[in-house]
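Data first, discussion second: the structure below is written as structure tokens.
Atom set for the values below is all heavy atoms of this structure, side chains included, hydrogens, waters and symmetry mates excluded.
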Amino acid sequence: MIKKIRKYIFLVVFCLILPAIVVWDLLPTWISDHPKILELVNRVAAVYMTVIATWLIISFANSLQKLSVNRSAAHRQYISSFVSILKIILVFIAVIIIISIIIDKDPTTLLAGLGAMSAILMLAFQDTIKGLVAGVRLTSNDMLAVGDRITVPAAGADGIVEEIKLTTVKVRNFDNTIITVTPQTLVDGSFQNWKGMKENTGRKAVRKVFFDFRSLKTDANGMVNLTRYRGHMEEWLAKNDKVLADKPILVHQLDATPTGLPVEFVFWLHEQDAIPYEHDISEIMEYAYAEADDYALRIYQQFPEQ
């Protein structure tokens, strides 16, 4: 029953305002001989109609959110932010109108008198206002959506976005701790959104191995052992079931360093989740370390001074 009422709440609220309109229209013919009572009842009816009209518009605004169910998460969040702002404005206007009805003053006079008060309120709630604007920027520019995995180094957040409100973004870290970040922090600073990786096939892996220069040798055919090793590793990676063969696979030298000759491994793995991804990389690199010995290559290792 409650679910059905919620479903048709807009029509229910609309029906509530009709009796007040009837009373407002017919009241002067009923108690025209009692001006004070007439004025009192008129004010009560006007306040009632203001409250119901505000409720009616808010109900209509809430229905707009339900219309965006099939849209993207960012689009839904943008509409949600817009509706929240609209509610705040509506409630503020309704309060001004109700006060003006009660004290029998023109609403525009009250608004003019609130000029100085508005400046004080803006100063007091400047953080809220900034967060509000930042939240709208995040959602309207599709920078963030519920379900995205983000990393915010400044806030110690690395997990899934569970909730985006006007002034807060709730992130559940992978250890199940909850971090609350303000939208302003995300806009002013920097954060990493892993959505592109999820939408893409595979996850890129980059690793380095440092080889001892003294272990580089040339065989009878004029081939350097490191060259043969790099070719072997590229072929092996291309045949490995954990590696995406249609993505770039590269094993190449980097600039020489005092701690050996760095060789960089670049490839893409099928796995994207953190734990299986790290396990797959470990297995591949362990093979790379062990295979180096077959090519008479020594991995550079700096021993501590005795």
Heavy atoms of other groups near D246 CG, more than 12 under 6.0 Å: yes

Presence of salt bridge, R228 and D219, under 4.0 angstrom: yes

Carboxylate-amine/guanidinium proximity below 4.0 Å for K208 and E264: no

If two hydrophobic side chains count as joined below 4.5 Å and joins carry through other members, does [X] share a cluster with [Y]?
| X | Y | value |
| --- | --- | --- |
| L269 | L250 | no |
| V266 | W236 | no |
| V243 | I281 | yes |
| Y289 | F265 | yes |
| I102 | I93 | yes |

Let me confirm one number: the [atom1]-[atom2] distance from [X] to [Y], rounded to the nearest 0.5 Å.
| X | Y | atom1 | atom2 | answer |
| --- | --- | --- | --- | --- |
| R214 | L261 | CZ | CG | 13.5 Å |
| R203 | D280 | CZ | CG | 11.0 Å |
| M223 | T218 | CE | OG1 | 10.0 Å |
| Y287 | L237 | OH | CG | 9.5 Å |
| H279 | I284 | NE2 | CD1 | 13.5 Å |
| S215 | I299 | OG | CD1 | 9.5 Å |

CA sep, side-chain torsions, deciding dist, call: L244, H270, side-chain contact (heavy atoms from CB on, under 4.5 Å): CA-CA 6 Å; L244 286 169; H270 288 281; 2.9 Å; yes

For [X] against [Y], the heavy-atom pair lying closest together:
| X | Y | answer |
| --- | --- | --- |
| V181 | A157 | CG2-CB, 4.4 Å |
| Y277 | K204 | OH-O, 2.7 Å |
| A256 | P262 | CA-CD, 4.2 Å |

Can you confirm whether [X] sits close enough to [Y] that some side-chain heavy atom of one is under 4.5 Å from a side-chain heavy atom of the other?
| X | Y | answer |
| --- | --- | --- |
| L254 | V263 | no |
| V161 | V169 | yes |
| V224 | K217 | no |

Centroid separation H232 to Y295 less than 6.0 Å: yes

Salt bridge (charged side-chain N to carboxylate O under 4.0 Å, His left out) against E278, all qualifying residues, sequence neighbours excluded: R207

Ring pair (Phe, Tyr, Trp, His ring centres under 6.0 Å) contacts touching residues 202-221 (sequence neighbours left out): F211-Y229

Examine distances only and state if a side-chain atom of [X] and a backbone atom of [Y] form a donor-acceptor pair shorter than 3.5 Å.
| X | Y | value |
| --- | --- | --- |
| N173 | D175 | no |
| E234 | V251 | yes |
| T54 | T50 | yes |

V209 and M285: CA distance, side-chain angles, deciding distance, side-chain contact (heavy atoms from CB on, under 4.5 Å) verdict: CA-CA 9 Å; V209 178; M285 295 312 299; 3.6 Å; yes

Candidate pair I150 and V171, rule side-chain contact (heavy atoms from CB on, under 4.5 Å), full reasoning: CA-CA 8 Å; I150 64 171; V171 181; 3.8 Å; yes

Set of residues satisfying ring-ring contact (aromatic ring centres under 6.0 Å, His included) with respect to Y300, sequence neighbours excluded: none

N240 vs F267, side-chain contact (heavy atoms from CB on, under 4.5 Å): CA-CA, chis, key distance, verdict: CA-CA 11 Å; N240 192 299; F267 52 93; over 6 Å; no

Salt bridge (charged side-chain N to carboxylate O under 4.0 Å, His left out) assessment of D158 paired with R149: CA-CA 7 Å; D158 184 12; R149 178 197 165 186; 3.4 Å; yes

